[in-house]
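These notes are about the structure you will find just below.
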Amino acid sequence: MDLGIKNKVAVVFAASKGLGKAAALALANEGCRVAICSRDSENLKKAESAITQATAAQTFTQVVDVSDKDQITEFINNVAAKWGSVDILVNNAGGPPVASFEQSKDDEWLKWYEITFMSVVRAVKASIPYMKKNKWGRIINITSSSVKSPVENLIYSNSIRMAVVGLAKSLSIELGPYGINVHNVAPGYHMTDGLERIIIKKVEAGQKREDVLKAWTDNIPVRRIGEPQDLAAMITFLASDLAGYLTGTTIPVEGGNYRGVI
Ligand SMILES: NC(=O)c1ccc[n+]([C@@H]2O[C@H](COP(=O)([O-])OP(=O)(O)OC[C@H]3O[C@@H](n4cnc5c(N)ncnc54)[C@H](OP(=O)(O)O)[C@@H]3O)[C@@H](O)[C@H]2O)c1
C-alpha cells in the first residue's frame, strides 16, 4: 500500500531508542527523510546507522534536550534549512519517573511540565510555519495509555499528559483548515529501555521479573506486551496521506488493555 509520504520530511524527537526510534525507522521505511534527536550523540549515531542500514532514507541528527526551548527551535529550523520543509512532526520525550502524589515535589512537577508539555508547544510552534506554507502537515504526540486510565504511581504522567491531549484537540481545530492534522497516540506496555526501568523498580521492590510480565500480559486481551513497531505502525498511518480525513484523535495502542467502551 502506498501511504503517499515518500520524500516527506519527518522530524522525530527523542528518537535514539525505544518508541521514537521505531517511529523514525517506520517513517524511513515509507520513504520519508528523517531527522532525529536525543541528548546523547553516541545513542543517536547508533540509531542513525540502524535506520540507514535498514532503509535507503536520508537522515539528519542533532543533539537536543527537549527541556530546552532554543535547542528545539534550532533543530526544527536546521531540518527546514537542509530539506526545505517540515512535514511530519512526532513529539516524544523521556517519560516522567514513578511517583505517587504524596511523593511528588514542586520542582519535579515543573521539570516534567517543561519536558512533557512545553516541548510539544515549542516543537509545534517552530514547525507550523513550514507546514502552513505547504498546506500539508501531520503532528503526532506520543503520550501514554495513562490519558485513558491513570497508571498507579505515575502521577506526573497521569496529570501532565492530559494537557497534551487538550492541546492536540485544540490544535486540530485551529490547524485543520491549513491541511495540518494533529493526533495523540497513547501507548500501553511496549518493550523498550523505558519499560525495562519500570520492571527493574518492581524487581528491586521484591517482585520477580516473570511475575511482573505475566501480571501485565494476563490482563491484555491480545496476551502480549507490545513491540515498539506496534506503535510505530499507528504513527506511520496517522502521518500518511491516507489519514487525511482523521484529526484530533487520541488512539490507544495497547492490545485492548483499556476496558472503557468508548
Ligand atoms: N514503552 C512503554 O511501554 C511506554 C508506555 C507508555 C508511554 N510511554 C512513553 O513514551 C515515551 C518514550 O518511551 P520509551 O519507552 O521509548 O522510552 P526510552 O526507551 O527510555 O527512550 C527514550 C528516548 O528519549 C530520549 N530522551 C530522553 N529524555 C530526553 C530529553 N530530555 N531530550 C531529548 N531526548 C530525550 C532518549 O535518548 P537519550 O538518552 O539519548 O537522550 C531515548 O532515545 C516516554 O514518554 C514514555 O513515558 C512508553
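Each ligand, and each atom within it, is numbered from 1 in the order the structure gives. Side chains are part of it too, since the values below use all heavy atoms of this structure and drop only hydrogens, waters and symmetry mates.
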Contacts of Lys45 meeting salt bridge (Lys or Arg N to Asp or Glu O under 4.0 Å) (sequence neighbours excluded), chain-then-number -> Glu42

The salt bridge (Lys or Arg N to Asp or Glu O under 4.0 Å) partners of Asp107 (sequence neighbours excluded) come to none

Hydrophobic clusters here meaning ILVMFWY residues chained together by side-chain heavy-atom distances under 4.5 Å, can you tell me if Val222 and Val253 are in one? no

Are any non-hydrogen side-chain atoms of Pro187 and Ile142 less than 4.5 angstrom apart? yes

Any side-chain heavy atom of Glu227 within less than 4.5 Å of one from Asp230? yes

Inter- and intrachain pairs under salt bridge (charged side-chain N to carboxylate O under 4.0 Å, His left out), touching residues 177-201, at least two apart: Lys17-Asp193, Glu196-Arg209

Check each protein residue for a heavy atom under 4.0 Å from ligand 1 and list those that pass, ordered by chain and number. Ala14, Ser16, Lys17, Gly18, Leu19, Ser38, Arg39, Asp40, Asn43, Val64, Asp65, Val66, Asn92, Ala93, Gly94, Gly95, Ile142, Thr143, Ser144, Arg161, Pro187, Gly188, Tyr189, His190, Thr192, Asp193, Gly194, Leu195, Arg197

